[in-house]
Structure formats: structure tokens, C-alpha cells
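First the proteins, then the strands, lettered A, B, ... as listed; each starts at 1.
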Amino acid sequence: MKVLEGLDDGPDFLSEEDRGLKAINVDLQSDAALQVDISDALSERDKVKFTVHTKSSLPNFKQNEFSVVRQHEEFIWLHDSFIENEDYAGYIIPPAPPRPDFDASREKLQKLGEGEGSMTKEEFTKMKQELEAEYLAIFKKTVAMHEVFLCRVAAHPILRKDLNFHVFLEYNQDLSVRGKNKKEKLEDFFKNMVKSADGVIVSGVKDVDDFFEHERTFLLEYHNRVKDASAKSDRMTRSHKSAADDYNRIGSSLYALGTQDSTDICKFFLKVSELFDKTRKIEARVSADEDLKLSDLLKYYLRESQAAKDLLYRRSRSLVDYENANKALDKARAKNKDVLQAETSQQLCCQKFEKISESAKQELIDFKTRRVAAFRKNLVELAELELKHAKGNLQLLQNCLAVLNGDT
Amino acid sequence: AEVVLDDDREDLFAEATEEVSLDSPEREPILSSEPSPAVTPVTPTTLIAPRIESKSLSAPVIFDRSREEIEEEANGDVFDIEIGVSDPEKVGDGMNAYMAYRVTTKTSLSMFSKSEFSVKRRFSDFLGLHSKLASKYLHVGYIVPPAPEKSIVGMTKVKVGKEDSSSTEFVEKRRAALERYLQRTVKHPTLLQDPDLRQFLESSELPRAVNTQALSGAGILRMVNKAADAVNKMTIKMNESDAWFEEKQQQFENLDQQLRKLHASVEALVCHRKELSANTAAFAKSAAMLGNSEDHTALSRALSQLAEVEEKIDQLHQEQAFADFYMFSELLSDYIRLIAAVKGVFDHRMKCWQKWEDAQITLLKKRETEAKMMVANKPDKIQQAKNEIREWEAKVQQGERDFEQISKTIRKEVGRFEKERVKDFKTVIIKYLESLVQTQQQLIKYWEAFLPEAKAIA
């Protein structure tokens, strides 16, 4: 039956989405000039090693196709270099991928190992499979998120030309970017504080431009609501998974009942146990798909909307700088002192502001297009998957009922 | 024949309308004093033709006869009786308030004066009924279905007048439990004959069953007795001559464990399903807000539709949790308590054996005393000893008869119980699976409606 095709016993219930993962949250045109993907990944004790694979016809690279191994810190280094680059102030910097976090999953596997004595061999195997599948799912997600980051960079007309990016892709040695030490993390913390404070001041400045004014209001509200939706979607998905786990235990208990009962209800129990095992797999997939299509989508746009807000902040900042430069120039002219200096400074600020404004406008329009496309794709896929699973579930239940009613 | 039965029953159950007294271990056997035909070990073959023994008027045979008579009378349609418990109504105020339930009986059995009738009963009435039935039938080996559990917390909330969803849920849970309790009780062919049960179902006024309150003196005494019984059980070392009983006890022990485990998992499912429902509702609201702030019109509309779908799905989850609980979870908890009753019946058999054992030991002692008196040549003491010997010989015979009777009854009861159990589980689980089917069908409907909306985003 076509509907039951995907219900294999293996833990890879994300396998069909593997190739599609690249574009889950963004609708990107991959063109021949530069194609980047993560072809492989290895999970070692506390780090993940990604194999970044590039195919390019650009003259900048020595070869047309090559691979390097990168770790999470190197992605962060690349992202931060974009943020710190003044030339990119007018672009939405693709949000950095979140750190791979296997702690929860690892803890669960450890607890399972400790509790091995208290459950039957069958239960233990079942739970182990379940947790391994969970681990694998988290692993695939982190790969996807790192990949999306690279693809966004590769698709961006300006960022794809960045030198650091090329080094990242090509240099086959370790980039020696250590993670930030305590001092640097503290510096970052203060920088962020200053930025938020500044952001508040700067955002108080009313924008002359309607477009940007609208965008600012919109992004503020949107960002908050996406944050809320993302959190609620997460909780919903987790409850779904808990319920699926319960089906697992119910199936095991029914199995035990079926094998121990002395009456003719044994067969009945065994059949229902089988049903719960199968239906549980479907429920787990529903939870996983909701996680992928809904929760991840919302999480991603939470990060992207923050990046867009950051862009607006940079623009407002440059506007304030421009206005300050204007005031300084007026003062200088009035005093007739350092006029040239003030003029140059003012001109620079003006140029910077106009450059940012121009590219920002396009970036924000693109952001909207990308967002709408991504939501459309994901909502359609979500609905299709929910339908597929519900139909599969229904068939399972109806088949089981037919057998049970036939027997009794 | 029925008149004879009635008379006999009144004879035997003269105490039927008395106030419930505590179950004392030395309760007089309700069997007649006539010896049964032959003292043979209890084997299944004696169950085949009970009618042959029916010349004597010993009570257990009456039960058999009555059941068969009823069967003939109703033409095989034995259990044409349906009980409904409905319309919970709060009576009174404050801590003296109670819930009154309507108990409706629909039946074609001729033992009832009408074919459809209803009465108002309160929870303690049900407990009183169970108490009476238990005191009459448990110690002779009948598996009397246990009444629903008391809940001081639950009832206090209702009394105090908390009109929230948790007290409504509590009342509904209790109503359903009371209904199941009565259904099980009337399904028992012997209990159905009981006048107390009939009075409960039929008469408009029922004497208040006292001594059923949890914290009353009687209630506490009951608890103490139960504990004492438990200790006694541990010290009775019975020479089990019949492997069937040992096997069955082990089976019920296993079944009990398995059911408890399953019940715990199902309770977890109910809990998670309720959680899922709440989280889905929260998400729906959040998605609606997101849709509101989305400035792309088509996407905004689609998000609002998504919010609506999730709201409907939340409803589904709630209904499913309801089914999870009332069908699956309650079935399991009912059977866990039923098995406790079954274990109780096995325990009574052990006590019965102990009594027989004790009588034999006492008889031995009396014989020794007689021998001693013979040697010491005390004629009046000898006569006394001879009297006592006769007395205890009778008791030994009675003890043996009782033991065989209870063993026979238990075998029959266990057979009936197992059949009922199988039927019950199959029926309820199938109904439960059908509820799952319904949920999936609804899900399909909702997502099918949403899909074109999602595709319409341009």
C-alpha cells in the first residue's frame, strides 16, 4: 500500500525530506555559478564535523568542485565577520545556525542505560531505538540549519563574493577560529547591551520614509508574534511526541498481556498491541513533521526577522549619524572652523546612509518574498503530510478493526 | 416453585433488611444443616448436573435452580435488563449536600413489577447495596463487583459548590462508574436474584445506609479489620490439594500486575493528550495573532485558517482524551478492583479451610479429652466429652462441606468472570478503537479543507 510505504522500522523517518531540507525555510534558486551543500556530517563526542561541498564555475576558486571539513565555531566566525563588515551594513545578514545541542538526547540515552535492569529486553530495545531515532533527527536538523546558512550566503549577490566566505569554502586546513573566551563573551554581552539601549534611542527617531516606517512597525510586531508562535508550536510538538511515546508503552503492556493471558483474548491483545506499535510510528512522524514544517519554520523566521530588525537598526543608526554630521557641519560653518573636515564627514555619512537605505529597501522586499514563499511551501507540505499520516492511521485502524471484528 | 424459592430465601436471608453489620469472620454459614449427598472432592464433573442433587433444599442448589428456572422462563434471554444512571442533581447545601442520581431500569424479566422504572439514589445508597451483597455472598465464593471508590476531596469540592470543570468532571466520572457498577452487578445471575438489589432498583424509599462513610467509626473499624485480615492471610499456610486454585491465583496475580502497568500507561496518555489539547489551543491563538500581523494578505489569510484548523483539532484532542479515559482507562481500573474482589474470594476459601482445619484439630483434642476421662473414670465428664465430640464431628463435617461448596462456587464464578472479562475487554477496546477512527476521519476532513487555502498563497 502506497500510504504505508514509508513506515519502515528504521530510525530515519526524515529520509524523504533529506534532499528537500536544503530549502526548507528559504526558497532559494541554486544556480550553477555557486552551489554549496553539506554532503556529510560526523558526530563526535562533543562536536559535529560538517563536510562542506562546493561546486562552482567562478574563476575565484582553484577547482570546480571541492570539499572541506568545518565545525560550528567556524560558521559563527564567518557570520560574525559579516556582521562586523561595514560594507554589509545594508544587507540582512543570514542568521547564524544555532549550536548543535545533543545534551538532552545524550542525557536520555544515559538514563536509559542506567535503567536497563528495570525493564524487559524488548522494552529496552524499543526505547533505545526510539532515542536513537531522536538523536538522529536532531542531528539531521542541525545539519540542515548549517546548510541553509551557507546556501543563503551563496545565493546573496554580494555576500557570495566575500573573501572570508571563499576561504571558508576552500581552505582545507583548520581555520583556527577558537570559540570566544570568557573575556570576549563578556565584551559581546556589553556590546549587545549598548546596542539594545542605542536601538531604543535610535528607534525613537521617526522616519521620513513611509516604507521604512511601515517596515519598522511591522517587523517589531511580527518578530514578537513569531517568537510566541514558535514557542507554542514547540510545546505542541513536544506534547504530540509524549503521546506517541505513551502509545509505545501501551503497546508493550498489551503485548505482555497477550503473551501471558490464559483465555482466548490473547490473540486480541496481541493484535491491538501490534496496532499501537504501528500507530505510534505514525504519530511520531506527525510530531516530527510538525516540528520540521512548523516549529522550525517559525524558529527560522524568528532569527531572520531579528536580522531584518538589525538591518533597520543599522540604517537608523546611520541616519542619526548623518543628522549629527549635518549639525556638526552647520556648527563648523558657523564657527568657520574645520569646515572641510566636517564637510567630508557629512558627505561620508550621507553616502553611507543612502547606500544602506537603497540596499535595505531591496533586502526587505526580498525578505518578504522569501518569507511568503517559505510559508507557502511549508504550510502546503505540512497539510499534505498531515493528510498522508491521518489516512495511513485510518487505514491501520480500520484494518485492525476488521480483523478483530472478524475474529469475535 | 417460585413461591418455594421465596419462602426459602426469606428464611435464609432474614437479615436482609437489617442494618449493615460489620463482616465478622465467624459468620454463620447460610447453608442448611442437612448433609449434602456425598462428600466427594470438588472436581469439575460435579458442576455438570446440579439438578440431580436438587432434592434437598440446600441453598447453593437453590441458586442453581433459580438460575436455570429464570433461563427457561425468559427463553434464553436471560439478562434482558439494562441500567442507566443519569441526571446528577445536587440536593441540599454546604457540607450536608449530596448528589442524587437517577437510576433507570429497563427490563422484560418477570421478577420485576414493571418493565421500566426509575428511582433516585445517592452515592452512599450504592455503597450500602454493595456492603449488603458483599456480606452475603463474598464469603461463600461469589465475586461481588466492587462499588466505585469514595473520594473525600472530590465530594467536598462538589458540596462546597465549586462549579468548575473539575467538579463537573468528577460528577461525570462518578456517574459513569456507578452505571458500570450496577450493570456488572445485575449481570451476575445470583446477585440479580437478591432482594436487596431489587429493593435498590425498585423501591422509591430506601433506608439510609449508615456506616458507609469513610471517616465514620464503622469505616475505620472496617479498615482495621481489613488490615487484620491481611496479616491473617499471611499466616495461613494451606495445604492446597487442588492445583487449579494455585494456578488460578498465580494467573490473577500476573493479570493484576499487567493491568496496573497498562493502566499507568493509559493514564499517562490521557494526561499528555490533555496537555496536547491545551498546547494546540495556545498555538491556535498565537497563529491567529501572527496572521493578523502578517502584511501579505494571502499569507495572512492562510495563517488565520491554520489557526482555525488547530482550534478544531484542539477540540478533537479533548474528545479523544475523554474517550481514552472513559473507555480505556476506566475499564482497566474497574478490572483492577474486580481482581481484588476475586483475590478476596480466594482468601475466603483459605479462611474456610482454616476453619475446617481448626475444627478437625479441636475434634482431635476432644477425643483426647474423652480418652483421658475414660482412664480417670469420671462418668459425668465422659458424657460431656462425648457430647462435645458429637458437636465437633458435626462441625468438621460442616467445615468440609463449606469448603467444598466454596471451592465449587469459586470455580464456577471464575469461569463466568473470565468469560465476562473477555467479552468486556473486546467490546470496550473495539469501541475505543472506533473512537480513534473517528478522530482520524475528522483530522482528514480538516486538513483537506486547509490544503487549498495554503496553496492559494501567492
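Heavy-atom distances place no part of Phe252(B) under 4.5 Å from chain A, backbone and side chain included. With a 4.5 Å cut-off on non-hydrogen atoms, Tyr222(A) touches chain B through its backbone and its side chain both. Of the atoms belonging to Ile250(A), heavy atoms from both backbone and side chain fall under 4.5 Å from chain B. Interface residue Phe276(A): only side-chain heavy atoms are found under 4.5 Å from chain B. Both the backbone and the side chain of Val226(A) come within less than 4.5 Å of a heavy atom of chain B. Contacts of Phe425(B) with chain A are made by both backbone and side-chain atoms, with heavy-atom separations under 4.5 Å. Contact annotation for Gln251(B): only side-chain heavy atoms (C-beta onward) come within less than 4.5 Å of a heavy atom of chain A. With a 4.5 angstrom heavy-atom cutoff, Leu451(B) touches chain A via backbone and side-chain atoms both.
Across Leu443(B), Ile429(B), Asn254(B), the residue that shares the most heavy-atom pairs under 4.5 angstrom with chain A is Ile429(B). Comparing Ala278(B), Ala456(B), Ala454(B) by heavy-atom pairs within less than 4.5 Å of chain A, the highest count is held by Ala454(B). With respect to chain B, the highest number of heavy-atom pairs below 4.5 Å among Gln260(A), His214(A), Met236(A) belongs to Met236(A). Between chain B and the residues Phe269(A), Tyr247(A), Phe218(A), the most heavy-atom pairs under 4.5 angstrom are made by Phe218(A). If you tally non-hydrogen atom pairs under 4.5 Å between each of Glu418(B), Glu453(B), Glu448(B) and chain A, the highest count goes to Glu448(B). Interface remark: of the candidates Arg249(A), Lys232(A), His389(A), Glu384(A), Lys232(A) forms the most heavy-atom pairs closer than 4.5 Å to chain B.
Atom NZ of Lys248(B) is surrounded by more than 12 heavy atoms from other residues, nucleotides or ligands within 6.0 Å. Residue-environment remark: NZ (Lys227(A)) stays at or below the threshold of 12 foreign heavy atoms within 6.0 Å.
You'll find the side chain of Phe268(A) reaches within 4.5 Å of the side chain of Ile430(B), heavy atoms only. Two residues are said to be in side-chain contact when any heavy atoms from C-beta on lie closer than 4.5 Å; Gln441(B) and Gln398(A) meet this criterion.
The distance from atom CD of Gln438(B) to atom CG of Leu397(A), rounded to the nearest 0.5 Å, is 11.5 Å. One distance of note links CG of Asn224(A) with CE of Met289(B); it measures 10.0 Å at 0.5 Å rounding. Of the inter-residue distances, the one linking Leu379(A) atom CG with Phe450(B) atom CZ reads 4.5 Å to the nearest 0.5 angstrom. To the nearest 0.5 Å, the span separating CD on Glu215(A) from CG on Asp295(B) amounts to 6.5 Å.
Within residues 255-277 of chain B, the residues having any heavy atom less than 4.5 Å from a heavy atom of chain A are, in residue-number order, Leu255(B), Gln258(B), Leu259(B), Lys261(B), Leu262(B), Ser265(B), Val266(B), Ala268(B), Leu269(B), His272(B), Arg273(B), Glu275(B), Leu276(B). Within residues 304-340 of chain B, the residues having any heavy atom under 4.5 Å from a heavy atom of chain A are, by residue number, Leu306(B), Glu310(B), Phe328(B).
Closest non-hydrogen pair, Leu387(A) versus Ile444(B), comes out as CD2-O, 3.5 Å.
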*Could you walk me through whether Leu404(A) and Lys426(B) pass side-chain contact (heavy atoms from CB on, under 4.5 Å), step by step?*
CA-CA 8 Å; Leu404(A) 292 177; Lys426(B) 284 187 180 176; over 6 Å; no
*So Leu290(B) and Tyr301(A), side-chain contact (heavy atoms from CB on, under 4.5 Å) or not? Walk me through it.*
CA-CA 12 Å; Leu290(B) 185 64; Tyr301(A) 277 95; over 6 Å; no
*Using the salt bridge (Lys or Arg N to Asp or Glu O under 4.0 Å) rule, take Glu294(B) and Arg225(A) through it: C-alpha gap first, then chi angles, then the decisive distance, then the call.*
CA-CA 10 Å; Glu294(B) 173 58 67; Arg225(A) 295 201 176 165; over 6 Å; no
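Put simply, the side chain of Arg235(A) never gets that close to the backbone of Asn279(B): no donor and acceptor are under 3.5 Å apart.
Remark: Lys285(B) does not engage Asp228(A) in a salt bridge, criterion side-chain N to carboxylate O under 4.0 Å.
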